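Below is one structure; the comments refer to it alone.
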Amino acid sequence: MRWTRSLIPTLKEDPAEAEAVSHRLMVRAGLVRQLAAGIYVYLPLGQRVLDKVNAVIREEMNRIGGQEITMPVLHPAELWQQTGRWSAIGDEMFRLKDRGKREMCLGMTHEEVIGWLAAREVRSYRDLPQTWYQIQVKLRDEARPKSGVLRTREFLMKDSYTLDRDEAGLEKSYQLHKEAYCRIFERCGLAFHVVESDPGIMGGAGAHEFMAPSEAGEDEVALCDRCDYSANVELASSRPRPPEFPDWNLEEIPTPNAGTIEQVCALLRIDPALTIKSLLLVTKEGPLLALVRGDQQLHEKKLAMLVGEVRPAHRDEILMHLGAEAGSIGPVGTTLPTIADESLRTGRYVVGANKDGFHVRGVVPGTHFQPRWADIHHARSGDGCPRCDADLRIERVIEVGNIFKLGTKYSVSLKAMYLNEAGEERPIVMGSYGIGPARIAAAAIEQHHDQQGIIWPEAIAPYQLHLLPVNMRDEKMMELAEALYAQLQAERVEVLYDDRAERPGVKFKDADLLGLPLRVTIGSHALKEGVVELKVRRTGEEFRVPPSEVVSKAKSLLSNLLK
RNA sequence: CGGGGCGUAGCGCAGCCUGGUAGCGCACUUGCUUCGGGAGCAAGGGGUCGUUGGUUCAAAUCCAAUCGCCCCGACCA
């Protein structure tokens with residue numbers, strides 16, 4: 001492609017609204033433009049990147065027997081009412097009415113449509129298994145779109161669905177997807193972790209997420225370097241390291257004006273790990289006392305999984321139930337239901353005395369009060385791995401893919417049944433699997449860039465080769481450039497030909513910014529000596545070859561880069 | 001939805017406090033020079049100052065409302 005005939009609006013300066021590296025570079029390199037919050041136009045270069053990513057996805061999906069289909073963006077409400085999600089999902093679903101006042105919504109995912117289709121077209125165990133996928137726009141009215149293309153309200157998603165006869169079949173389909181996903185992310189040049197994840201309201205028996213490490217990510221994962229434990233911190237368990245416990249006797253001690261763990265520890269000159277943080281929460285059932293170690297954070301989601309929705313108690317509620325201000329409450333002597341974190345099973349601690357200005361020292365959980373035990377703390381870096389006890393590491397990541405075992409939740413409600421060998425009607429066992437192509441592109445940029453710009457992984461670069469004649473007014477140089485451009489195209493090398501009459505500096509800066517894997521520079525000095533320069537963007541390696549060898553050298557360099 | 005910030009030319013910004021009818025850099029157009037890492041000189045084009053209402057002789061500037069965008073948090077099927 002000739003630059004002069006392309007829309008490649010590069011920017012010299014960072015756009016004011018862009019924070020994340022990938023966002024800045026995608027705008028500066030002319031890949032995308034923002035139309036509204038969380039709504040983007042993909043310009044030609046951005047589109048080519050998506051096309052490349054999607055091509056990889058299609059190959060790997062087809063390889064595991066996936067069949068591509070396309071489902072509607074616009075859905076009738078009835079379908080979502082049947083599965084209960086019409087009411088279960090709140091503001092995140094775009095809803096509208098058609099001219100006949102019929103309620104509709106814009107698809108945020110496609111389990112309902114798949115179930116509808118399966119209910120009509122699958123009848124016998126002989127029809128199973130099936131794998132159907134699409135690469136389609138999804139719409140979600142995100143509360144807070146952010147980080148450029150990483151969290152948007154309209155986005156492309158490859159979603160696939162497997163239909164099986166039973167759990168064993170689902171397990172097989174699930175594993176195939178897991179392997180296909182690994183190949184896809186590897187081919188796209190991403191570093192990633194496969195982690196256990198929270199199945200959430202998708203329901204079902206198991207889920208994994210594919211996480212690409214990046215500062216721009218919104219999730220965190222806990223990883224063990226010794227064994228293979230890896231999980232989203234949403235559900236990661238860990239073994240906090242126990243402190244040295246002093247040989248305290250049980251006694252009440254005055255702690256005037258010390259209402260926070262920090263103040264109490266400063267006053268008593270002790271490690272926060274020797275205290276218990278007591279939090280009064282309110283559930284639908286009533287008040288609940290939650291206990292974690294003083295240096296730990298309560299993981300509200302873990303707690304919510306045990307007792308349902310919780311909210312912090314108001315000040316007057318704390319006074320009413322425990323007779324003291326928040327800073328002095330504790331589990332001893334209360335009749336409130338109490339949940340204590342597992343890490344409190346051993347040791348002696350300082351806890352609030354339920355008396356303003358006093359704490360109790362030497363409290364032994366399980367002896368001086370009887371809680372229900374559960375894992376309700378937030379895993380931290382340095383905590384022990386729940387499997388092997390080596391140190392856990394917490395890493396910030398971008399979720400680029402997820403896989404869920406759905407089971408029969410949707411097939412039952414949508415009556416997607418089949419007849420087994422015995423002639424009995426059975427619900428189809430489903431799985432659901434997503435990948436965000438734009439997130440792959442953004443994660444690739446987050447992971448592969450430098451001060452100058454993007455460094456595209458070869459498989460998803462918008463073009464393979466950047467042909468850069470230094471001076472378009474030099475006729476000989478231009479002739480050579482045109483000839484090389486023609487040759488490269490004839491050899492099917494994807495080449496972006498910078499035929500602009502710009503000064504060399506401008507062209508070089510843009511070439512670095514766009515980050516195509518290989519740059520071929522035709523300059524006057526090199527021309528005099530009869531050599532053209534090839535430069536690998538990633539390594540900075542340079543090669544000088546006569547014009548006649550450019551094409552073959554370029555092809556061999558590119559094929560090496562692809563490995 | 002809570003907290004914070006910002007809306008002035010295509011992009012990045014100043015001007016606002018202390019009202020007097022809009023400016024800088026880049027980009028763009030034309031000419032000359034220059035040509036291996038974001039050129040120089042000269043001459044140009046381009047803005048209802050987010051919107052609406054109010055105060056005032058006079059509003060980018062003060063007041064009110066409203067819309068939009070970004071960041072932190074909550075949410076995320």
Side-chain angles (χ1 to χ4, degrees), chain A residues 7 9-20 23-24 27-28 30 33-40 80 83-94 105-112 138-148 150-153 155 157 159 197-204 207 209 216 218-219 232 234 300-301 304 309 311-312 399 402 404 406 409-410 432-434 436 451-453 468-474 477-478 498 500-513 519-529 531-533 535 542 544:
Chain A
L7 175 62
T10 57
L11 263 34
K12 201 177 284 188
E13 291 176 275
D14 278 335
E17 75 275 6
E19 190 97 343
H23 188 193
R24 292 208 304 262
V27 174
R28 280 193 56 206
R33 286 295 182 263
Q34 187 187 81
L35 177 65
I39 304 181
Y40 283 83
W80 289 76
T83 60
R85 289 163 115 187
W86 180 262
S87 50
I89 296 173
D91 291 338
E92 203 164 323
M93 182 163 8
F94 282 106
C105 65
L106 302 182
M108 35 196 308
T109 175
H110 282 76
E111 282 80 12
E112 276 76 4
K138 296 277 184 287
L139 290 121
R140 294 180 189 174
D141 196 358
E142 290 288 347
R144 182 147 100 84
K146 57 185 283 203
S147 307
L150 282 175
R151 186 160 209 89
T152 56
R153 296 192 291 174
F155 59 99
M157 179 168 159
D159 47 323
S197 76
D198 175 7
I201 306 179
M202 291 289 283
E209 287 166 327
E218 298 180 90
D219 288 288
N232 193 313
E234 300 290 336
E300 278 195 36
K301 284 194 176 168
E309 285 284 292
R311 66 162 173 85
E399 180 188 350
N402 55 44
F404 292 100
L406 293 180
K409 174 174 173 177
Y410 297 96
S432 148
Y433 317 82
Q451 280 301 107
Q452 308 305 316
L468 194 159
V470 158
N471 185 350
M472 286 304 283
R473 268 131 310 192
D474 181 325
M477 195 183 292
M478 204 182 86
D498 190 349
R500 293 176 300 171
E502 286 289 353
R503 295 170 56 81
V506 173
K507 293 182 155 195
F508 286 130
K509 290 288 182 190
D510 274 343
D512 289 343
L513 177 60
R519 187 181 86 193
V520 173
T521 310
I522 306 168
S524 53
H525 301 307
L527 197 64
K528 274 178 216 158
E529 298 153 28
V531 291
V532 169
E533 178 187 303
K535 185 171 184 182
E542 286 188 11
R544 288 164 178 249

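Quick caveat, the model's predicted, so the values are computed rather than measured. In what follows, chains are A, B, ... by sequence order, proteins preceding strands, each numbered from 1.
Salt bridge status for A:Lys409 with A:Glu111: absent, with no side-chain N to carboxylate O gap under 4.0 Å. For the pair A:Lys507 and A:Glu502, the salt-bridge criterion is not met [side-chain N within less than 4.0 Å of a carboxylate O].
The separation between A:Asp141 atom CG and B:C75 atom C1' is 12 Å, rounded to whole Å. Spacing between atom CG of A:Asp91 and atom C1' of B:C1 amounts to 9 Å, rounded to whole angstrom units. Atom P of nucleotide B:G73 and atom NZ of A:Lys146 are separated by 6 Å, given to the nearest angstrom. Regarding A:Leu513, its CG atom lies at a distance of 18 Å from the P atom of B:G37, rounded to whole Å. Rounded to a whole Å, the NZ atom of A:Lys12 is 8 Å from the P atom of B:C26. Rounded to whole Å, the distance from CZ on A:Phe508 to P on B:A39 is 13 Å. Rounded to whole Å, atom P of B:A74 lies 12 Å from atom CG of A:Asp219. Put simply, CD on A:Glu218 is 13 Å from P on B:C75, counting in whole angstrom units.
If A:Pro504 and A:Arg140 are placed on RNA chain B by their nearest nucleotide, the residue sitting closer to the 5' end is A:Pro504. For A:Glu300 and A:Gly38, each mapped to the nucleotide of RNA chain B holding its nearest heavy atom, the one lying further toward the 5' end belongs to A:Gly38.
On the P atoms, B:G68 is 23 Å away from B:C62, given to the nearest whole Å. Taking the P atoms as reference points, B:A58 lies 47 Å from B:G31, given to the whole Å. Spacing between B:A42 and B:G25 at atom P, rounded to whole Å, works out to 11 Å. Spacing between B:G4 and B:C63 at atom C1', rounded to whole Å, works out to 22 Å. When the C1' atom is compared between B:U55 and B:C41, the two are found 49 Å apart, to the nearest whole Å. Atom C1' of B:G23 sits at a distance of 12 Å from the matching atom of B:A60, rounded to the whole Å. Across the C1' atoms, B:C6 and B:G50 are found 11 Å apart, a figure rounded to whole Å. Nucleotides B:C11 and B:C16 place their C1' atoms 22 Å apart, quoted to the nearest Å.
Side chain A:Arg519 to base B:G37: a donor-acceptor pair is found below 3.5 Å. A donor-acceptor contact under 3.5 Å is not formed by the side chain of A:Arg500 with the base of B:G38.
A distance of 7.5 Å separates CE in A:Met108 from CZ in A:Arg85, rounded to the nearest 0.5 Å.
The side chain of A:Asn471 sits closest to B:C35 out of B:G37, B:G36, B:C35. Of the candidates B:C35, B:G36, B:G73, the closest approach to any side-chain atom of A:Glu533 belongs to B:G36. Taking every side-chain heavy atom of A:Arg144 into account, B:C71 is the closest of B:C28, B:C69, B:C71. Comparing B:A74, B:U34, B:C71 by their nearest atom to the side chain of A:Glu19 picks out B:C71. Nearest to the side-chain atoms of A:Val470 among the listed nucleotides B:G36, B:C71, B:G38 stands B:G36.
Searching all strands for a Watson-Crick or G-U wobble partner of B:G46 with both distances below 3.5 Å returns nothing. Under the Watson-Crick and G-U wobble criteria, each requiring two contacts below 3.5 Å, nucleotide B:C62 is paired to B:G54. In this structure B:G23 sits in a base pair with B:C13, meeting the Watson-Crick or G-U test at under 3.5 Å. Nucleotide B:A74 is matched to nothing when pairs are restricted to Watson-Crick or G-U wobble geometry with both distances under 3.5 angstrom. Using Watson-Crick or G-U wobble geometry with both donor-acceptor distances under 3.5 Å, B:G7 finds its partner in B:C67. B:C41 is paired with B:G31 under the criterion used here, namely a Watson-Crick or G-U wobble arrangement in which both key atom distances are under 3.5 Å.
A:Pro15 is listed as a side-chain neighbour of A:Arg28, based on a closest heavy-atom distance under 4.5 Å. Here the side chains of A:Thr109 and A:Arg140 are in contact, with some heavy-atom distance below 4.5 Å. With contacts defined as side-chain heavy-atom distances shorter than 4.5 Å, the pair A:Arg500/A:Asp510 qualifies. Here the side chains of A:Val470 and A:Met477 are in contact, with some heavy-atom distance below 4.5 Å. Two residues are said to be in side-chain contact when any heavy atoms from C-beta on lie closer than 4.5 Å; A:Asp512 and A:Arg519 meet this criterion. A:Ser197 has its side chain out of reach of A:Glu234: every pair of non-hydrogen atoms, C-beta onward, lies at least 4.5 Å apart.
For the OP1/OP2 pair of B:G36 and a distance below 4.0 Å, the side-chain nitrogens and oxygens of A:Arg503 include no atom meeting the criterion. Contact between the side-chain N/O atoms of A:Gln34 and the OP1/OP2 oxygens of B:C70 is found at a separation under 4.0 Å.
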Item to complete: Go through the steps to decide whether A:His110 and A:Lys138 satisfy the test side-chain hydrogen bond (donor to acceptor under 3.5 Å, both in side chains), and finish with yes or no.
Response: CA-CA 9 Å; A:His110 282 76; A:Lys138 296 277 184 287; 3.1 Å; yes

Any protein N or O atoms within reach of nucleotides 8-15 of chain B? Criterion: under 3.5 Å, listing atom names and distances.
residue : atom : partner : partner atom : Å
B:G12   : OP1  : A:Ala16 : N            : 3.0
B:G12   : O2'  : A:Glu13 : OE2          : 3.3

Pull out every protein N or O sitting under 3.5 Å from an N or O of nucleotides 45-47 of chain B, one pair per line with the distance.
none

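The environment of A:Arg544 atom CZ is sparse: at most 12 non-hydrogen atoms of other residues, nucleotides or ligands sit within 6.0 angstrom. Atom CG of A:Asp91 has 12 or fewer heavy atoms from other residues, nucleotides or ligands within 6.0 Å.
Contacts of A:Ser147 with the nucleic acid, taken as non-hydrogen atoms under 4.0 Å apart, involve only primed sugar atoms and P, OP1 or OP2. At a threshold of 4.0 angstrom between heavy atoms, the contacts of A:Arg28 include nucleobase atoms, whether or not backbone atoms are also involved.
Listed for the A:Arg33 side chain is no donor-acceptor partner under 3.5 Å among the backbone atoms of A:Tyr40.
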